[in-house]
Amino acid sequence: MPRINSPAELEEFRRSILSKRSDDRPCITLCSGSACHATGSEKVAGAIVAELENHGLTGQVDFRRTGCHGFCEQGPIVVIYPEGICYLKVKPEDICEIVSHTFKEKKLVERLLYVDPTNGEKSSFEHDIPFYKNQQRLILGLNRKIDPKSLEDFLAVGGYKALTKALFEMSPEEVIGEVKAAKLRGRGGAGFPSGMKWEFARKAPGDQKYVVVNCDEGDPGAYMDRSLMEGNPFTVLEGLMIGAYAIGATEGYIYVRQEYPLAVDNLSVAMKEAERRGLLGKNIMGSGFDFTVKVHRGAGAFICGEETSLLASLEGKPGEPKSRPPFPANKGLWGKPTNINNVETWANIPVIINEGAEFFSSVGTESSKGTKIFSLVGKVNNTGLVEVPMGIPLRDIIYKIGGGVPKGKKFKAVQTGGPSGGCIPEAYLDVKVDFDELMKMGAMMGSGGMIVMDEDTCLVDIARYFLEFLSDESCGKCVPCREGIRQMLKVMTDITQGKGKEGDIELLENMAMATQGAALCALGKTAPNPVLSTLKYFREEYEAHIKEKRCPALSCKELIAFHIDPEKCKGCGSCLRKCPANAIEGGKKTIHVIDQEKCTKCGTCIEACPAAFQAIGKLSGVPVPAPVPQEKRALA
Amino acid sequence: MSEFVLQIDGKEVTAREGMTIVEAAKSAGIRIPTLCHHDQLEPYGACRICTVEAEANGRNQLVAACVYPAEKGMVVQTKTEKLAKIRKVLVEQMMAHAPDAPQLLELAEEYGADRDRFDKDPSFCILCGLCVRYCNEVKKKNAIGYIDRGPRREISFIPDVAGKECWDCKECFPLCPTSALQAAYVLTEALATPPEEAAQEAGCACSCSCSGSCG
């Protein structure tokens with residue numbers, strides 16, 4: 001197939017692809033995102049090819065390696081069409097059975113189906129699994145249908161229709177008008193209206209303008225941008241090209257962090273494919289619009305997610321932020337007007353152009369339109385990527401989609417917005433998730449991290465952990481961030497180690513005020529959030545640590561002790577054998593005792609103690625009871 | 001260049017386009033404290049001691065006056081209770097590193113900062129970057145730069161360059177608000193001296209293969 005020179009040729013090419021495809025045709029798909037890759041999807045793929053051949057099905061059953069499905073904890077994921085049968089945690093040795101049972105005998109392989117941990121019910125089909133059922137996947141949805149490296153797959157699901165519409169039926173101003181009317185807000189964290197940002201760059205004087213994709217996702221535990229870039233690079237490219245056309249840019253950069261090799265690979269293949277067909281490069285589809293794009297690999301600094309730092313890094317300078325104004329829209333890359341958006345923002349553009357601003361803005365809340373992808377992780381049954389309409393209550397995400405907290409533990413808080421986000425307690429779980437509501441709670445949307453915590457999590461220690469992360473990732477340029485975080489971290493570390501003093505909370509609040517107010521960039525300005533939000537909702541935990549030297553969650557090592565209840569110990573020796581520190585004394589039919597001096601508080605003994613006895617517990621804020629005298633330890 | 005009027009501390013100030021708030025204030029005789037600012041250098045905005053309250057386009061925000069452009073109709077406050085609180089904390093945090101720096105002692109006096117509020121970590125450097133930027137922007141030698149990031153950030157002479165360029169210059173020394181720079185330079189001087197020379201000077205007679213550097 002040669003270059004595509006007009007919209008008519010594109011449609012003809014699309015028709016020829018679709019004519020060879022049918023929804024009824026059997027197809028086995030395998031998730032090939034990074035997470036499934038890590039759990040062995042490579043080997044599963046090999047087994048699929050081999051088994052289809054063994055069973056003589058090679059020409060009759062299609063095999064497609066798709067982008068990330070988002071249910072990463074359950075990978076590798078195999079879905080069989082046309083039915084949509086979903087098998088989870090598939091191993092290479094399961095493939096023979098899948099092929100012979102499901103394709104040949106039309107029977108299900110029961111043991112590979114999803115089982116709801118809350119009620120034990122099985123789901124045969126992908127669309128029945130509660131994790132998927134309660135999502136609205138406007139952006140992520142295509143990931144599971146296409147091979148990220150296949151232009152034909154992308155065209156088969158309607159790819160490049162939005163670009164064609166923008167280039168041939170709309171003026172740049174109309175494109176910007178549509179994005180403004182859709183009320184799309186940037187998905188990278190700040191939530192600034194994208195259409196307005198585009199308009200600033202469009203109106204900024206300059207012969208050369210740039211568009212940039214920010215794929216420097218660095219929040220611990222968040223990976224929605226990786227999944228989009230890996231799973232559907234064509235959509236991101238299409239969005240970027242539409243933006244470039246609207247702004248008047250002919251060059252683009254995609255800044256991908258070094259840690260995302262698969263995203264870089266898939267993106268590079270997609271770019272080559274698009275270029276070969278005339279969908280990228282000079283005179284795209286004969287429209288007269290030229291656009292070239294380069295991939296830049298970041299070196300893995302969290303601060304480079306901040307736009308001015310990212311641009312500095314692109315220019316080959318240290319990734320340090322600059323004061324705004326001037327904003328990148330006026331003076332960005334190499335001093336030229338530049339529009340920079342996050343991956344997910346760009347991926348929203350084709351939807352807006354295809355479906356229209358009216359449709360897009362019908363989803364979501366008054367101030368936040370469309371859907372948002374969250375990375376739901378932590379103490380929750382179903383972890384993975386969830387895409388939900390803005391305005392959904394937090395409770396629905398955690399319970400309906402996430403399936404609640406595992407092991408019957410109590411929910412304690414959910415942390416949203418990445419390291420500089422905030423922790424929201426149970427009392428506010430019915431809050432509607434959108435940019436402004438989360439901000440009011442002292443948390444934030446950020447780029448979409450969502451970490452669920454149960455009763456065993458110490459919120460003081462969590463705040464300390466995030467400060468530690470931010471301290472490592474601060475560029476060190478400005479005093480309130482570099483010194484403020486450093487000093488706050490010292491105080492927080494002291495508190496979690498039982499060295500907290502009267503006045504520490506006030507000191508933290510005082511430093512937080514200065515850092516929030518005076519820091520140069522968003523990293524610093526939001527860095528005190530973990531401390532402030534936990535102080536707001538869990539102040540009594542701070543006080544317990546400082547005044548009573550007690551960790552209510554029994555988590556901070558310096559404040560807890562492990563203790564064997566002499567009434568419950570049956571002298572079985574399980575804990576004694578497993579203790580890696582040789583800190584347990586005891587013998588057969590003798591009450592065991594932990595030597596507090598030797599104990600490293602690793603928790604192995606609690607796990608080793610048979611469930612029937614439950615003799616070992618943690619103590620905090622109270623003295624450890626004196627051990628039973630040697631002569632009284634013998635059990636009858 | 002077009003002129004416009006803004007308000008600083010209740011006073012009408014005429015500024016030219018391209019001026020920062022610090023420059024506009026200075027032209028009207030209003031002093032905003034600065035540490036990392038220097039007239040000869042590009043605005044940097046690192047010490048944040050010049051943070052002021054600025055109201056423009058209906059939004060009131062805290063901005064660094066040394067980098068933020070003065071705008072028409074802007075209302076700026078340089079001395080409020082909130083700003084004094086912020087500056088006090090910043091001075092105290094810098095004093096953990098350079099407790100005896102004269103400029104910091106002066107600011108501590110002004111804002112009632114306690115020089116011993118935080119445990120001392122005397123690097124003597126507050127990373128204002130005056131030396132680094134002066135060497136880069138004015139002298140164009142790049143003999144000194146930053147290494148590492150966050151709380152581990154330090155200034156460091158690049159021995160190869162410093163060995164050639166610094167002997168006759170040392171123009172950055174008087175810019176340093178603390179005594180850190182001279183100390184760093186003395187160290188570099190030692191490192192940059194060719195090993196044979198150093199060995200001869202120090203008369204190092206050890207038996208290791210240090211070429212004299214351990215002496």
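The structure presented is a predicted model; accordingly, all values stated were derived computationally and were not measured. Letters A, B, ... are given to chains in the order of the sequence lines, protein chains preceding strands, and every chain is numbered from 1. The analysis underlying the following values was restricted to heavy atoms, covering all of them including side chains, and did not include hydrogens, waters or symmetry mates.
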Does NZ belonging to B/Lys72 count more than 12 external heavy atoms closer than 6.0 Å?
no
Would you compute the distance between atom CZ of B/Arg153 and atom SG of A/Cys475 and round it to the nearest 0.5 angstrom?
5.5 Å
Around A/Lys183, counting heavy atoms of other residues, nucleotides and ligands shown, do more than 12 lie under 6.0 Å from its NZ?
no
Inter-residue atom distance A/Thr515.OG1 - B/Gln93.CD, 0.5 Å rounding
6.0 Å
Please say whether more than 12 non-hydrogen atoms of neighbouring residues, nucleotides or ligands are located less than 6.0 Å from NZ in B/Lys79.
yes
Is any side-chain heavy atom of B/Cys47 less than 4.5 Å from a side-chain heavy atom of A/Cys478?
no
Given side chains that start at C-beta, do those of A/Gln487 and B/Asp119 come closer than 4.5 Å, heavy atoms only?
no
Return yes when atom NZ of A/Lys536 has more than 12 non-hydrogen atoms of other residues, nucleotides or ligands closer than 6.0 Å, and no otherwise.
yes
Answer key: most heavy-atom pairs under 4.5 Å with chain A among B/Ile86, B/Asp148, B/Val67 is B/Ile86
Where on A/Glu473 is there a heavy atom nearer than 4.5 Å to chain B: the side chain, the backbone, both, or neither?
both
Chain B heavy atoms under 4.5 Å from A/Ala301: which part of the residue, side chain, backbone, both or neither?
both
Separation between CD (B/Glu92) and CG (A/Leu507), nearest 0.5 Å, reads 9.0 Å
For chain B, find which of A/Glu483, A/Met513, A/Arg324, A/Lys477 contributes the most heavy-atom pairs closer than 4.5 angstrom.
A/Lys477
Side chains of A/Leu520 and B/Tyr44: does their closest heavy-atom pair fall under 4.5 Å?
no
Can you confirm whether A/Lys317 is buried at NZ, in the sense that more than 12 heavy atoms of other residues, nucleotides or ligands lie under 6.0 Å from that atom?
no
Quick check: are there more than 12 heavy atoms from other residues, nucleotides or ligands sitting under 6.0 Å from CZ of B/Arg115?
yes
Would A/Val491 and B/Phe118 count as a side chain to side chain contact (heavy atoms under 4.5 Å, CB included) here? Give the steps.
CA-CA 10 Å; A/Val491 176; B/Phe118 298 107; 5.9 Å; no
Kindly check if the number of other-residue, nucleotide or ligand heavy atoms within 6.0 Å of NZ (A/Lys549) is above 12?
yes
Between the main-chain N or O of B/Gly150 and the side-chain N or O of A/Arg482, is there a donor-acceptor pair closer than 3.5 Å?
no
Is B/Glu42 salt-bridged to A/Lys322, cutoff N-O under 4.0 Å?
no
Interchain contact, B/Arg87 with chain A, by part (heavy-atom threshold 4.5 Å):
neither
Please determine, among A/Pro325, A/Pro318, A/Gly484, A/Ser471, the option with the most heavy-atom pairs under 4.5 Å with chain B.
A/Pro325
Tell me, do B/Leu90 and A/Met511 make a side-chain contact under 4.5 Å, heavy atoms counted?
no
Salt-bridge contact B/Arg149-A/Asp472 (side-chain N to carboxylate O under 4.0 Å):
no
Quick one: are A/Arg486 and B/Asp121 in side-chain contact, heavy atoms under 4.5 Å?
yes
Heavy-atom contact with chain A under 4.5 Å, split by part of B/Ile126
backbone
Note: A/Ala519 and B/Arg48 closest approach over all heavy atoms is O-NH2, 3.5 Å
Could you tell me whether A/Lys490 atom NZ has more than 12 heavy atoms of other residues or ligands within 6.0 Å of it?
yes
